[in-house]
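Bear in mind the structure is a predicted one, so any value in this text is a computation, not a measurement. Note that the numbering runs from 1 along the sequence shown for the chain.
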Amino acid sequence: DLHRAHQKIEPRLALVDLGGVGDAVVGLRGVIAASYFATEVMLPLILQTERGLSPTRSGTILTVAAVTWALGSQLRGRNLASSLTYLRLGTTLSIVGIAASATVALPGTPLAVGWFAWALAGLGIGMVYPTLSVLVLDVAPPAEHGAATSALQVSDALGMSLAIALTGAAVHVVVDALGIGGYLLGFGLTTLLGLVALWLAGRTTLPDGTDQPPPQPERQRPGRHRPNSAGAPGTLTGRHPGGGSSPTRPSTASRSRSA
């Protein structure tokens, strides 16, 4: 009947169990995203309302962080260390940058300090994001890779949205009463989230043998050819594909003397 047909075609949703490590990685993605992006939305606002910068100049602090984010991802892609090393180093750099970026709210602090701090946060988050993507694929079963990456993206979006909404609402209410102190309260909340992310990163462990940097490919010197055992065409073996020696051709000088 119609009810049974509907049950057959109705998609069934199920929670994916990624294990302790996988769940920690997914949760860490949400917490670090909440800390970083909730801080990011406050920076242009403070620079315009408290420091008197134009929208163009205040936006350059985000541009600097975008560049260092790309640099951090490039460094992560070189695989010079293990994934956990990149994760902990990147989380530390990001939290230090988030905490130090609060100096933009202090009138007597040079703006260059805030720019440098946020560039440091971008460098750290650039290492963390690709590392978490690699780790969640390492710990999830192959059949659950799609669900694992989806959980990672949902955690990212959910953590970011909640942190921006709650921090923004709190800062909006407190700034009217405390002035600059309201912004410092917002930085305190995002730094606290960052410390939670750092705690999670420090407790994240992987099974033995699954967190080793990949071996670097062997580089051959230019101009040298390594013959293969089969004597395939194109290799400098001095033999024909059939195994016989290649005939030597007399040089032009030899032909002229014989003539």
Contacts of type side chain to side chain donor-acceptor pair (under 3.5 Å), residue Ser58, not counting sequence neighbours: Gln48

Please answer: with hydrophobic residues joined when any side-chain heavy atoms are less than 4.5 Å apart, are Leu111 and Phe116 in the same cluster? no

Residues which pass ring-ring contact (aromatic ring centres under 6.0 Å, His included) with Tyr129, listed by chain and number, not counting sequence neighbours: Trp69

Treating Arg88 as the side-chain partner and Thr204 as the backbone partner, does any N or O pair qualify as donor plus acceptor under 3.5 Å? yes

Here the side-chain hydrogen bond (donor to acceptor under 3.5 Å, both in side chains) pairs for residues 112-125, sequence neighbours left out, are Thr60-Trp115

Worked verdict on Leu89 versus Met127 for side chain to side chain contact (heavy atoms under 4.5 Å, CB included): CA-CA 8 Å; Leu89 175 61; Met127 296 181 185; 4.2 Å; yes

Considering non-hydrogen atoms only, spot the tightest contact between Ala201 and Leu87 and give its length. CB-CG, 4.1 Å

Heavy atoms only: give me the nearest Arg51-Thr109 pair and the separation to one decimal. NH2-O, 2.9 Å

Between the main-chain N or O of Gly146 and the side-chain N or O of Ser150, is there a donor-acceptor pair closer than 3.5 Å? yes

Distance-minimising heavy-atom pair for Ala119 and Val64: CB-CG1, 3.5 Å

Measuring from Ile125:CD1 to Leu93:CG, what's the distance to the nearest 0.5 Å? 10.5 Å

Counting C-beta onward and ignoring hydrogens, is there a side-chain heavy-atom pair between Leu120 and Thr68 closer than 4.5 Å? no

Going only through I, L, V, M, F, W and Y residues with side-chain contacts under 4.5 Å, is there a path from Leu53 to Ile61? yes

Please tabulate, one pair per line, all N/O donor-acceptor pairs under 3.5 Å involving side-chain atoms of residues 28-45, not counting sequence neighbours.
residue: Arg29; atom: NE; partner: Asp156; partner atom: OD2; Å: 3.0
residue: Ser35; atom: OG; partner: Thr190; partner atom: O; Å: 2.7
residue: Ser35; atom: OG; partner: Gly194; partner atom: N; Å: 3.4
residue: Thr39; atom: OG1; partner: Ser35; partner atom: O; Å: 2.8
residue: Thr39; atom: OG1; partner: Thr190; partner atom: OG1; Å: 3.0

Taking the side chain as everything from C-beta on, heavy atoms only, tell me whether Leu75 gets closer than 4.5 Å to Leu80. no

Quick check on the hydrophobic clustering: are Trp199 and Leu84 connected, directly or via other members, by side-chain heavy-atom contacts under 4.5 Å? yes

Are Val196 and Leu135 linked, directly or through other ILVMFWY residues, by side chains that come within less than 4.5 angstrom of each other? yes

Do any side-chain atoms of residues 159-179 form donor-acceptor pairs under 3.5 angstrom with protein atoms, and if so which ones, sequence neighbours left out?
residue: Ser161; atom: OG; partner: Ala157; partner atom: O; Å: 2.7
residue: Thr167; atom: OG1; partner: Ala163; partner atom: O; Å: 2.8

Between Leu132 and Val26, is the side chain to side chain contact (heavy atoms under 4.5 Å, CB included) condition met? List the steps. CA-CA 8 Å; Leu132 292 176; Val26 171; over 6 Å; no

Would you indicate whether the side-chain heavy atoms of Leu47 and Arg57 approach each other to under 4.5 Å? no

Do the side chains of Tyr183 and Leu185 join up, straight or via other hydrophobic residues, at under 4.5 Å, putting them in one cluster? no

Looking at every non-hydrogen atom in both residues, tell me the closest pair between Ala105 and Ile180 and how far apart they are. O-CG2, 3.1 Å

Residue pairs fulfilling side-chain hydrogen bond (donor to acceptor under 3.5 Å, both in side chains) with at least one residue in residues 91-107, sequence neighbours excluded: none

Using every non-hydrogen atom in the two residues, find where Phe187 and Ile98 come nearest and quote the distance to one decimal. CD2-O, 4.1 Å

